[in-house]
Amino acid sequence: MKNNWPIWEVFIRSKNGLSHKHVGSLHAADAEMAIENARDVYTRRSEGISIWVVESKNITASSPADAAALFEPAADKIYRHPTFYILPDEVKHM
Amino acid sequence: MPAEGKTIENADLLKAFQERIDRDEKIEPKDWMPDAYRQTLIRQISQHAHSEVIGMLPEGNWIPRAPSLRRKAALIAKVQDEAGHGLYLYSAAETLGIDRETLYQQLLAGKAKYSSIFNYPTLTWADIGAVGWLVDGAAIMNQVMLTRTSYGPYARAMVRICKEESFHQRQGYEILLTLVRGSEEQKAMAQDALDRWWWPSLMMFGPNDAESVHSAQSMAWRIKRKSNDELRQQFVDATVPQAEVLGLQIPDADLKWNEDRGHYDFGEIDWNEFWSVVHGNGPCNRERMAAYQDAHANGAWVREAAMAYAEKRQMRKNETTGKIDLQVA
């Protein structure tokens with residue numbers, strides 16, 4: 001099939017102060033139409049005040065096969081968490 | 001994209017996959033999965049999407065004839081939701097490596113199934129009440145279960161759909177409530193709608209567990225978390241008291257409360273009717289397919305024009321900025 005509309009990923013900011021969050025995807029001829037369609041599909045009940053659309057082909061995702069190499073090194077670095085450090089009870093709330 | 005034919009499978013991978021499922025981990029698009037799991041999901045999610053789309057037809061039928069502006073606005077909003085739900089589901093299916101156009105073509109060619117319930121006609125306004133109450137009610141039973149399905153994108157689509165659908169069933173029930181409080185004719189119309197929609201609604205849960213070919217594997221993979229018969233029983237138990245509030249009679253002589261089981265007993269479904277509708281011989285199968293094919297064909301020029309317009313605008317933009325688009329050049 002020629003001329004199929006490309007696929008876009010949609011991100012919605014639900015209110016100011018919160019970040020845009022991925023909500024799903026849709027097909028549209030261009031970015032402007034993607035915004036209009038996202039408004040119709042993903043904000044019918046006031047879910048958002050701002051929309052980002054990114055053509056899906058522009059997103060590069062990490063591979064699940066690399067998950068260990070990427071994320072496991074963080075697992076044994078418990079000294080990055082505040083609970084690693086022992087303080088006397090007299091010191092409250094630090 | 002993981003669509004390049006068969007996945008490499010071996011016992012270790014399969015075992016690790018099943019262990020993830022058993023730990024109730026969600027499977028995400030790029031994770032390894034058995035090819036049969038992928039194909040089962042593509043089939044189920046796309047059937048679900050097609051059902052949302054075809055499901056707009058029997059209700060859209062009554063939008064121009066809704067009895068008040070309030071009812072019309074609610075019905076338009078409901079039908080618009082169904083379009084959105086179709087889209088969420090198509091998007092979820094696409095994460096499995098099949099493209100939208102292929103899914104459309106499967107439905108257009110009559111190769112893909114959609115829920116048989118939409119092959120029944122909406123003859124009176126009371127049918128819109130019965131569809132919301134019973135058909136959406138039955139769908140919600142299934143969809144609430146699917147919010148916990150093992151495939152992440154499907155589960156997330158279901159969460160959004162369930163949130164939105166909660167008004168669908170209520171608006172249907174409200175229509176019937178208004179009718180049963182009206183004239184004798186209106187009450188009779190409500191009863192007639194229940195008489196015609198009750199059994200097809202029970203059929204929505206599919207064949208009995210013993211007859212259901214895909215059930216056991218789908219349960220093991222936690223795509224489904226309850227069996228057809230469990231969901232059907234849950235629906236009957238929830239719906240009978242609601243019929244009593246309406247003062248309507250459920251058309252089943254065998255329906256009665258079973259103290260020992262703590263559930264309602266109910267009569268045998270006419271499975272000949274079920275299979276006949278599944279195989280294309282329901283009251284509206286041909287009409288629904290023709291309406292869908294017409295809409296798709298009549299919309300073709302719009303889809304092409306939108307794409308041509310987008311390309312033209314992109315070209316102009318490149319000319320003014322002096323950029324050369326290699327794809328176009």
Practice task
I would like to know whether B/Arg303 and A/His27 meet side-chain contact (heavy atoms from CB on, under 4.5 Å); could you show each step before the answer?
Solution key: CA-CA 11 Å; B/Arg303 295 190 295 276; A/His27 289 260; over 6 Å; no
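The list of salt bridge (charged side-chain N to carboxylate O under 4.0 Å, His left out) pairs with a residue in residues 162-174 of chain B, not counting sequence neighbours, reads A/Arg44-B/Glu164, A/Arg45-B/Glu164, B/Arg70-B/Glu174, B/Arg71-B/Glu174.
Only the side chain of B/Phe167 comes within less than 4.5 Å of a heavy atom in chain A; its backbone stays farther off. In this structure, chain B has no heavy atom under 4.5 Å from any part of A/Ser56. Of the two parts of A/Ala65, neither the backbone nor the side chain holds a non-hydrogen atom closer than 4.5 Å to a non-hydrogen atom of chain B.
The heavy-atom pair separating A/Ser62 from B/Lys30 by the smallest distance is O-NZ, 3.5 Å. When all heavy atoms of A/Tyr42 and B/Arg160 are compared, the closest pair comes out as CE2-NH1, 3.7 Å. Residues B/Ala310 and A/Ala29 come closest through the heavy atom pair CB-O, 3.6 Å. Of all non-hydrogen atoms in B/Arg100 and A/Leu26, the two that sit nearest each other are NH2-CA, 4.5 Å.
By the 6.0 Å contact criterion, CZ on B/Arg316 is open, its count of non-hydrogen atoms from other residues, nucleotides or ligands being 12 or less. The number of heavy atoms from other shown groups lying within 6.0 Å of NZ (A/Lys77) is above 12. Within a 6.0 Å sphere centred on CG of B/Leu69, other residues, nucleotides and ligands contribute 12 heavy atoms or fewer.
Screening B/Met307, B/Glu311, B/Arg313 for a side-chain contact (heavy atoms from CB on, under 4.5 Å) involving A/Asp30 leaves a single residue, B/Arg313.
Listed by chain and number, the residues in a side-chain contact (heavy atoms from CB on, under 4.5 Å) with B/Gln47 are B/Arg43, B/Lys113 (sequence neighbours excluded). Residues that satisfy the salt bridge (charged side-chain N to carboxylate O under 4.0 Å, His left out) test with B/Arg222, not counting sequence neighbours, are B/Asp24.
Residues of residues 78-91 of chain B that come closer than 4.5 Å to chain A, counting heavy atoms only, are B/Gln80, B/Asp81, B/Gly84, B/His85, B/Leu87, B/Tyr88, B/Ser91, ordered by residue number.
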